[in-house]
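Numbered from 1 within each chain, the chains take letters A, B, ... in sequence-line order. What you see is a predicted model, and the numbers here were worked out from it, not measured in a lab.
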Amino acid sequence: MEREKDPRAYDPAVIEPKWQQRWEESGLHNADIDPSRPKHYALTMLPYPSGELHIGHWYAIAPSDAQARFMRMRGHNVLFPMGFDAFGLPAENAAIKRNIHPKTWTFANIDRMHGQLRRMGTMIDWRREMISAHPEYYRWTQWFFLQFFVNDLAYRKKAAVDWCPSCNTTLAREQVIGDDRHCERCGTPVVRKELAQWFFRTTQYAEELLDFSKIDWPERVETLQSRWIGRSEGASLVFRTETGEPIEVFTTRPDTIWGATFLVLAPEHALVSKLTSADRKEEVEAYVTAAVRQSDLQREATDKEKTGVFTGGYAINPANGERIPVWTADYVLPGYGTGAIMAVPAHDQRDFEFARRFDLEIKPVIVPDGGAEGALPVAGDQMVEASTERGPMFDSGPLTGTPAGEAFARSVAWLEEKGAGKKSVNFRLRDWLVSRQRYWGAPIPIVYCPEHGAVPVPEDQLPVLLPDDVEWLPTGESPLKLHATWKNTTCPVCGGAAERETDTMDTFMCSSWYHLRYLSPHYDGGPFDPAEYRYWMPVDTYTGGIEHATMHLIYTRFFHKACRDIGVVQDDEPMLKLRNQGIILGEDSEKMSKSRGNVVAPDELVDRYGADTVRAYLMFCARWDFGGPWNGRGIEGTARWLRRVWSLFTEESEGGTPATPATPATPATPANTVIDRLRRKVHQTLKQVTRDLDQFQFNTVVAALMELQNELSQSRNDGAVGTPAWREAHEIYVKMLAPVAPHVADELWEKLGGEGSIHVQPWPEVDEKAASVEEVTLVVQVNGKLRDRITVPVGIADDEARKIALESEGSRRFLEGKEVRQVIVVPGRLVNIVVS
RNA sequence: GCGAAAGUGGCGGAAUUGGUAUACGCGCUAGACUUAGGAUCUAGUCCCGAGAAAUCGGGUUAGGGGUUCGAGUCCCCUCUUUCGCACCA
């Protein structure tokens, strides 16, 4: 049964579309170059067009939008753009499953999401939208690839790569996660495959990527990136086989070289077959074959017993000339360092386990306990585990006795002198594998000519268009391989028959530079208009999920630095300040998913409460950087608050009797007390809201506004309505509300008779004098326990405060018969009386 | 195993950075207005004890210890949770 609505009641269904339309018509959100104002580029991670926005998108976008609106009111020229990361596998899966073309599916989803983003009341400048699957965009993605290619930052090599059997494609190392090494997208454990693939030289930037001094990013992200990059200082040492063949190893402990009693090569190491003696051949080959075939899951399980075989070959330890056996074992990884190690079982746990298993010599060369008085190494055959701490060198020829602090440097210097090694730094970071054996991505702009090899597609032939007329194989393999008219082409160099690269680019390539395309999404003289770049870049605040810490956020930094060195961009970093939001879970505290049925649909909430309420609740419901489970009932409180705010400012004439200052008044009259209180609270709140919006602390912004609303209701009952202070409170309140609940704020601003949109009004200034208090509550403690609260004038002398505290009723009871030992006065706060 | 972050009412969470712990909201309790209420308004709501009540006393920020006049905040130990990495030489 539909009841009649009170026309004066708060009705978001009426005011929200009204204001969205007005903002659009007036071009309120258009951000254009304006040298007269400081610019502010507020970027939030763009969504993948999966179908519709879920509450998690809102949680990410709405507070970011509020922050951007706040910056605009503070006088900045704010760019807040939005786009779509539109290439990727889900589109292709939909195509295979439901027989819809990925393009159709993707662009239909984008259409739908446009509507949702508008409904949210965001300040997006839609003129600047970019869609990565649009030829106008990927033309430049391909252009960047070519820049990397000609500058030797892109290369092709055959390598064992991670392959997702479900997605039918290779993955970058960053996209393989978890202890079972599964695909980041679909969860299927990956397998190894030997393939020729394109890589970017991210490792060239490993050192610089560790430098966060120019950016303000969460420590958590810096830590994650640092660990991912994994810098190790050590030495690169050269052992030689008996035939003089060098075997290079990397070690972080060159000071233990006298204890290197064998070498271990990864099964993939090129020297394995060369070194293997005739009698060991069969066994070694069997082991290598098995190891290579093994899945990474089996191979990298740390708890399994070490395996390996002796190659029959020997090498010379350059430190002591000893002849030591060379083994091959799968605990040595082919991709890190040189794929070969010197094994020092006495001082490395892995080598120790291996030595014990195969009865190899364990020779301690470091004094234990950091070289404590009288300490001597335990004999190798007595050891129960490796001794990994630092200590003076022992049994190490001329270096015996070198103290721990100098051991590293002196060992390296000594080895260097002998031409057996040098100091070196190793990184865990690998080059970025960008090839994907998928259709729905930006084609790699390379042509293979039997004569000229890999030839870049000339710039003027970009974009290499993704053909629409493709047929899907039931296996899910990329249809580009089967598209003869597309695949067969001519060599740009000789004009002879040639074939296109059928792989496409990792979508992280597309998202590495989207922030640059927003600057001029239709510019065709380059990836972006340099004038726009000069004005807007770098990004001032970047918001998004922490899950991208070691993927997108490393790629985009690498990308930018590489482009800087090529000369395409300036600046060392693309994004100055990063803030992460947490994840909103379902009401059952589990990750939201359709299969669990715990997905919260924002559209339904907007229908019921309005976008302003949903926005405000998302800011209020949790610490933004933490996130947490959704609470469907909690939103009622935010809805109530906005209704109260509405009636507070629309029904004010029905309030109590105006407390006109004309009332014959001494400073102590109730009327003035009400006014002072009101102004104090207003300006204190303004101070807090300003600070908290600045710091992305959205929950306390809403809490402070709720508190002030309570206070204003009280003041209204006390007769503040009609006074200048009330008018001021009204105005400031609506302005503070504007970033949080933009529609209702503009409506209330209009009702108040404000000029133009609330959203371009200057942010109010704090009246420090009004915010300050004349009287403070002095807390009186006895032995640290609260005993009394006394109202005293602000700025009271310490002596005076002390006196009042000692005489206060509350404290006296606890002082009787006691000796006062000490009195601590914290000005304006408390007095603590210490008694025996 | 290593690394990081975090533990505050029934719940989400505040606490000006060492100075009144539990702001704000949800939920709950009672009342008012209502034909009705998943609307609105008012009051109460950390725990224990005393009191008819106003109040008064004691305790409390995962647990234990320490520094300090004073600790949710700093230090040490233990436990729990979440996240990341995981044979990286």
Side-chain angles (χ1 to χ4, degrees), chain A residues 1 3 6 9 177-179 181 218-224 226-228 230-232 234 249-253 256 264 299-304 306 329-333 335-344 347-351 353-354 426-430 546-547 549-550 582-583 617 620-623 625-626 628-641 643-644 647 684 687-688 691 697 699-710 713 777-789 813 821-835:
Chain A
M1 184 176 60
R3 290 201 324 129
D6 180 348
I177 56 175
D179 46 8
R181 297 186 42 81
E219 210 181 300
R220 199 161 130 69
V221 175
E222 293 184 7
T223 308
L224 283 170
S226 299
R227 287 179 66 83
W228 188 262
R231 183 181 196 276
S232 290
V249 302
F250 173 75
T251 178
T252 53
R253 292 295 303 273
T256 63
V264 188
R299 181 154 171 186
E300 293 195 3
T302 52
D303 49 359
K304 72 162 191 182
K306 297 265 182 297
D330 65 5
Y331 81 91
V332 175
L333 307 173
Y336 184 77
T338 59
I341 62 156
M342 67 173 203
V344 186
H347 305 294
D348 181 282
Q349 187 58 26
R350 296 153 301 186
D351 299 343
E353 284 163 22
F354 193 81
N426 232 293
F427 295 94
R428 219 181 66 113
L429 185 75
R430 312 284 167 86
I546 191 145
E547 66 273 17
T550 55
I583 297 171
Y617 182 58
F620 180 63
C621 70
R623 258 184 71 166
D625 52 342
F626 278 27
W630 176 258
N631 177 355
R633 279 198 290 196
I635 193 169
E636 294 284 351
T638 317
R640 248 169 244 159
W641 164 60
R643 280 196 291 264
R644 285 177 188 147
S647 52
Q684 282 174 344
K687 207 169 169 174
Q688 191 195 331
R691 190 196 64 205
Q697 283 167 17
N699 56 341
T700 48
V701 167
V702 178
L705 289 173
M706 286 174 168
E707 225 177 302
L708 182 56
Q709 176 265 316
N710 287 333
S713 295
T777 303
L778 194 67
V779 169
V780 180
Q781 297 180 337
V782 178
N783 284 350
K785 285 208 166 85
L786 176 75
R787 293 306 178 196
D788 210 349
R789 290 172 231 251
R813 294 187 294 142
R821 298 236 158 153
Q822 196 185 351
V823 180
I824 314 263
V825 180
V826 183
R829 280 202 188 279
L830 60 73
V831 178
N832 188 13
I833 303 162
V834 186
V835 297

Inset, instruction - Could you give the distance separating B:rA62 and B:rU82 at their C1' atoms, to the nearest angstrom? - result: 15 Å

Legend entry - Short side-chain N/O contact to B:rC2 OP1/OP2 from A:Arg227, under 4.0 Å: no

Inset, instruction - Take the protein atom CG of A:Asn699 and the nucleotide atom P of B:rU8, then report the distance between them rounded to whole Å. - result: 15 Å

Inset, instruction - Check every strand shown and say whether A:Glu636 touches a base, only sugar-phosphate, or nothing at a heavy-atom separation below 4.0 Å. - result: nothing

Legend entry - Within-4.5 Å side-chain heavy-atom neighbours: A:Asp351 and A:Ile341: yes

Legend entry - Side-chain donor-acceptor contact under 3.5 Å, A:Gln349 with A:Glu353: yes

Legend entry - Whole angstrom value for the distance that separates P of B:rG19 from CG of A:Asn783: 19 Å

Legend entry - Separation of the C1' atoms in B:rC74 and B:rA89, to the nearest angstrom: 38 Å

Inset, instruction - Mind calculating the distance between CD (A:Gln688) and P (B:rC24) to the nearest angstrom? - result: 12 Å

Legend entry - side-chain N/O A:Arg428 vs B:rA86 OP1/OP2, d < 4.0 Å: yes

Legend entry - Rounded P spacing from B:rA43 to B:rA50 in Å: 29 Å

Legend entry - 4.5 Å side-chain heavy-atom contact, A:Val823 and A:Val834: no

Inset, instruction - May I ask you to say what A:Arg644 touches in the nucleic acid, namely base, sugar-phosphate or nothing, with a heavy-atom cut-off under 4.0 Å? - result: sugar-phosphate

Inset, instruction - Using a 4.0 Å heavy-atom cut-off across all strands, classify A:Thr638 as base, sugar-phosphate, or nothing. - result: nothing

Inset, instruction - From the options B:rC87, B:rA39, B:rC83, select the nucleotide whose nearest atom is closest to the side chain of A:Arg643. - result: B:rA39

Inset, instruction - Give A:Val826 one of three labels, base, sugar-phosphate or nothing, depending on what nucleic acid heavy atoms sit under 4.0 Å from its own. - result: base

Legend entry - Nucleotide forming a Watson-Crick or wobble pair with B:rA39, both distances under 3.5 Å: none

Legend entry - Residue A:Phe620, side-chain heavy atoms: nucleotide from B:rC24, B:rG27, B:rA89 that is nearest: B:rC24

Legend entry - Rounded distance in Å between the P positions of B:rA14 and B:rA6: 12 Å

Inset, instruction - Provide, to the nearest angstrom, the distance between the CZ atom belonging to A:Arg829 and the C1' atom belonging to B:rG18. - result: 10 Å

Inset, instruction - Output yes when at least one side-chain N/O atom of A:Thr550 is less than 4.0 Å from OP1 or OP2 of B:rG84, else no. - result: no

Inset, instruction - Looking at every strand, decide which applies to A:Leu830 at a 4.0 Å heavy-atom threshold: base, sugar-phosphate, or nothing. - result: base

Inset, instruction - May I ask you to verify if any side-chain N or O of A:Arg813 is less than 4.0 angstrom from the OP1 or OP2 atom of B:rG57? - result: yes

Legend entry - Shortest side-chain distance from A:Ala622, nucleotide among B:rG70, B:rA89, B:rG12: B:rG12

Inset, instruction - Could you tell me whether the side chain of A:Asp348 and the main chain of A:Ala343 form a donor-acceptor pair under 3.5 Å? - result: no

Inset, instruction - Side chain of A:Met706 only, please: which of B:rA89, B:rC24, B:rC83 is the nearest? - result: B:rC24

Legend entry - Spacing between A:Ile546 atom CD1 and B:rG84 atom P, to the nearest angstrom: 10 Å

Inset, instruction - Measure from the side-chain heavy atoms of A:Leu333 and tell me the nearest of B:rA89, B:rC69, B:rC26. - result: B:rA89

Legend entry - Atom pair distance, as rounded to whole Å: CH2 in A:Trp630 and C1' in B:rG13: 16 Å

Inset, instruction - Can you tell me the pairing partner of B:rG72 across any strand shown, Watson-Crick or G-U wobble, with both distances under 3.5 angstrom? - result: none

Legend entry - CZ on A:Arg787 to CD1 on A:Ile833, rounded to 0.5 Å: 10.5 Å

Legend entry - Partner nucleotide of B:rG7 by Watson-Crick or wobble geometry (both distances under 3.5 Å): B:rC79

Inset, instruction - Between B:rC69, B:rG3, B:rA89, spot the one nearest the side chain of A:Thr251, thanks. - result: B:rA89

Inset, instruction - Would you mind classifying the nucleic acid contact of A:Arg640 as base, sugar-phosphate or nothing, using non-hydrogen atoms under 4.0 angstrom? - result: sugar-phosphate

Legend entry - Distance between C1' atoms of B:rG19 and B:rG38 (Å, rounded): 44 Å

Legend entry - A:Tyr617-A:Trp641 aromatic ring centre distance below 6.0 Å: no

Inset, instruction - For A:Ile833 and for A:Trp228, find the nucleotide of RNA chain B with the closest heavy atom, then tell me which residue's nucleotide is more 5'. - result: A:Ile833

Inset, instruction - Check whether any side-chain heavy atom of A:Arg253 sits under 4.5 Å from a side-chain heavy atom of A:Val344, and report yes or no. - result: no

Legend entry - Partner nucleotide, any strand, of B:rA50 [Watson-Crick/G-U, under 3.5 Å]: B:rU55

Inset, instruction - Indicate syn or anti for B:rU17, taking the glycosidic torsion and treating anything within 90° of 0 as syn. - result: syn

Inset, instruction - Among B:rC24, B:rC87, B:rA15, find the nucleotide with the atom closest to the side chain of A:Asp330. - result: B:rC87

Inset, instruction - With RNA chain B as reference, determine whether A:Phe427 or A:Ala704 sits nearer its 5' end, using the nearest nucleotide of each. - result: A:Ala704

Inset, instruction - Using the P atom on both, measure B:rU61 against B:rU73 and round to a whole Å. - result: 9 Å

Inset, instruction - Mind telling me whether A:Tyr331 and A:Phe354 have parallel, tilted or perpendicular rings, with 30° and 60° as the class edges? - result: tilted

Legend entry - Mate of B:rA23 where both pairing distances stay under 3.5 Å, Watson-Crick or G-U: none

Legend entry - Length of the CG-P vector between A:Asn710 and B:rC26, whole Å: 10 Å

Legend entry - Opposite nucleotide pairing with B:rG1, Watson-Crick or G-U, both atom distances under 3.5 Å: B:rC85

Legend entry - Student check: side-chain heavy atoms of A:Arg227 and A:Thr550 closer than 4.5 Å: no

Inset, instruction - Sort out the partner of B:rC28 for me: Watson-Crick or G-U wobble, both distances under 3.5 Å, none otherwise. - result: B:rG44

Inset, instruction - Using atom CG of A:Leu786 as one end and atom P of B:rC56 as the other, report the distance to the nearest whole Å. - result: 10 Å

Legend entry - Separation of the C1' atoms in B:rG9 and B:rU67, to the nearest angstrom: 29 Å

Inset, instruction - Go through B:rA5, B:rG84, B:rA14 for me and flag the one nearest to the A:Thr700 side chain. - result: B:rA14

Legend entry - Chi-angle category of B:rG9 [syn within 90° of 0, anti beyond]: syn

Inset, instruction - Sticking with atom P, work out how far B:rA86 lies from B:rC47, rounded to a whole angstrom. - result: 47 Å

Legend entry - Side-chain N or O of A:Lys785 closer than 4.0 Å to phosphate OP1/OP2 of B:rG59: yes

